[in-house]
> 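Sharing a structure here in structure tokens format.
Atoms considered below: every heavy atom in the structure, side chains included; atoms not considered: hydrogens, waters and symmetry mates. The chains referred to below are lettered A, B, ... by the order of the sequence lines, with proteins before strands, and numbering in each begins at 1.
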Amino acid sequence: MIIISPYAKPLPKGGVNPKNYPYWTELLKLIREPVIQVGVDGEQQLTQDFRKNLSLSDLAILVSQCRTWISCDSFFQHFCWDLGKPGIVLWGQSDPLIYGHPENINLLKDRSYLYHNQFLSWDLIPMRQDCFVEPERVLAHLI
Amino acid sequence: MIRNNILCSISTKGRYFTTLPLAIAAVINQTQLPKRLVIFDDNDEPQDMRQQSVYTNFFQIMDIKGIEWQWLWAGKKGQHHNHQISNTMGYDWVWRVDDDTIPEPNVLENLSKYCSDDIGAVGGSIFTPSWKMEPTEVTGLIDNIYQEPNIQWFPITQVKEVEHLHCSFLYRAGVADYNLGLSRVAHREETLFTYELKHRGYRILAVPDAVTWHLKSPTGGIRDTHIAELFDQDEKIFQNTINMRDKTIVVLNNGMGDHIMFKPVLKDIKNPVVFSCYPEIIPGRSIQEAKDLFGDIEQWNIYAKMDQWHWTESVEKAFRKLYGV
């Protein structure tokens, strides 16, 4: 079983968080094993099994049971790192050297896509779909 | 050791035509010149001093002497806001000069001689001409702040290590922050700032042969309001901070992921007092309580720090730098 955590925290002023991976639908079509989505109320459901609003202890139990996980740059990647469970992080404009953990597979398309100021509120950074790796490349690291 | 990357900072209000020109003249006649002079103009109705011949001459002299200069319209929020801007302008050291003082010509040179790697701030005597100035035994310890006068008010005959300074001094920039939660009168701002430098492991010195004359101009001044409530409010912030002097104050006003990245850092902090947004991840008191106690918590904003430091390493390492572990 694989866990996906598709979405970063909603932006205070609304709109799409530029850290969100834009190709989840395409990626999920390529995965041939059970997938559980975790998240919170208000997030789009992408899988049949969507566990919302889990407590940290329940989330930890679920993580301990998965083969691996895939996440955008969000709380979840730090949570799994703290549990000692490595997985795949899909990076766009945030810098894995600052916000990532080397224990994970950090998939960054190219450092030229990183936003020039890494410390602004994400409200101020425009969404770019082209800065993320393609689903096929994610799949290659999942096997 | 003479340092060169020094910014001289003056905040001014209501003294265009009284003591400010004297202070500027004293700065540009130092035996060691600062790299830049920045003047924060906090006047309610700022004027363009390039129209005044005395100032025009000052600006020309600075150009001739190679002193960069800058005149900024300040935010009228108190001099601590101006000093914090100076503190983060990228200079190694900042020399604070009040707008009603006249530093003798050797002050910057003599202060900067002491600026070795373990020094946080250096101050000399600040004499008010009408006051009686006799050598007096003053410890300069924070515990004695309510029992003794400021050490800089008296002749300093030998180098003395202290825990705080109170007036004009030269300090290491970009290490400690001014408490921006203080009111616009900024009562105790110098004490809190220099004590924070001490708390971060740097030595604070009161040194001889660096005399500044304080004219105590009866008009104008950056603290020209005398509202008792503002002084009381600032005094409370001061006391709350000093009461925790044996602790390391940790304020985590950030996201869940940041709290997790902070977890390995916490183990290395001695005597932490933690204020946290997510006590289920990092147990602690509330952020509102931190704001109530210290007035402002921006000095613990890890994102502002990383931006200020042009940070390129991990968030965990940034936390380690912020908390000195």
Side-chain angles (χ1 to χ4, degrees), chain A residues 5 7-12 17 19-20 38-40 53-60 63 69 71-87 89-91 93-104 106 108 111 114-125, chain B residues 84-85 87-90 174 177 180 250-269 272 274 276-284 287-288 297-323 325:
Chain A
S5 174
Y7 303 113
K9 191 177 175 181
L11 299 174
N17 192 315
K19 296 197 290 186
N20 289 350
V38 294
V40 296
N53 307 319
L54 294 178
S55 67
L56 293 181
S57 55
D58 286 344
L59 191 58
V63 168
W69 51 266
S71 173
C72 66
D73 171 22
S74 69
F75 150 77
F76 190 75
Q77 60 126 344
H78 303 298
F79 182 74
C80 294
W81 168 78
D82 189 40
L83 295 172
K85 185 89 175 187
V89 188
L90 308 175
W91 298 87
Q93 299 181 77
S94 57
D95 189 344
L97 295 179
I98 298 173
Y99 300 107
H101 303 283
E103 294 86 349
N104 292 325
N106 293 298
L108 175 71
R111 290 191 65 80
L114 298 178
Y115 200 72
H116 60 85
N117 185 336
Q118 286 289 309
F119 311 113
L120 290 176
S121 164
W122 286 99
D123 267 326
L124 304 171
I125 299 172
Chain B
Q84 179 62 9
I85 293 171
N87 188 24
T88 56
M89 284 175 76
D177 288 306
L180 302 183
V250 172
V251 181
L252 296 170
N253 187 24
N254 41 43
M256 293 177 85
D258 302 305
H259 282 58
I260 292 173
M261 287 187 277
F262 180 74
K263 283 175 78 172
V265 181
L266 181 60
K267 288 181 281 196
D268 297 328
I269 296 177
V274 179
S276 119
C277 284
Y278 296 100
E280 65 273 34
I281 298 173
I282 302 280
I287 294 297
Q288 186 57 51
I297 57 172
E298 188 63 13
Q299 62 182 295
W300 294 283
N301 180 341
I302 192 65
Y303 283 87
K305 289 292 167 193
M306 290 193 290
D307 191 23
Q308 177 189 329
W309 298 332
H310 307 292
W311 197 250
T312 57
E313 298 185 88
S314 72
V315 175
E316 179 185 328
K317 285 184 177 173
F319 275 128
R320 289 189 179 281
K321 176 171 176 158
L322 178 61
Y323 292 104
V325 292

> At a heavy-atom distance under 4.5 Å, which candidate from A:D95, A:L120, A:D82, A:N117 has the highest pair count against chain B?
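The option with the most such pairs is A:D82.
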> List in chain and number order the residues that pass salt bridge (charged side-chain N to carboxylate O under 4.0 Å, His left out) with B:E316, two or more places apart in sequence or in another chain; answer none if no residue qualifies.
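Applying salt bridge (charged side-chain N to carboxylate O under 4.0 Å, His left out) to B:E316 gives B:R320.
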> Looking at CD of A:Q118 and OG1 of B:T312, how far apart are the two atoms once the value is rounded to the nearest 0.5 Å?
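Reported value, rounded in 0.5 Å steps: 10.5 Å.
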> Counting C-beta onward and ignoring hydrogens, is there a side-chain heavy-atom pair between A:H101 and B:M261 closer than 4.5 Å?
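Heavy-atom side-chain distance check passes, below 4.5 Å.
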> How about NZ on A:K85, more than 12 heavy atoms from neighbouring residues, nucleotides or ligands closer than 6.0 Å, or not?
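For A:K85, atom NZ is crowded (more than 12 foreign heavy atoms under 6.0 Å).
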> Measure the CH2-NZ distance between A:W81 and B:K263 for me, rounded to the nearest 0.5 Å.
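Here the interatomic distance stands at 8.5 Å.
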> In the structure I gave you, are the side-chain heavy atoms of B:I281 and A:L56 within less than 4.5 Å of one another anywhere?
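In contact.
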> So which atom in A:Y99 and which in B:Y303 form the shortest heavy-atom distance, rounded to 0.1 Å?
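Looking at all heavy atoms of both residues, the shortest contact is OH-CE2, 3.4 Å.
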> Grab the two heavy atoms, one from A:F75 and one from B:G257, that are nearest each other, plus how far apart they are.
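Smallest interatomic distance, heavy atoms only, reads CD1-N, 4.1 Å.
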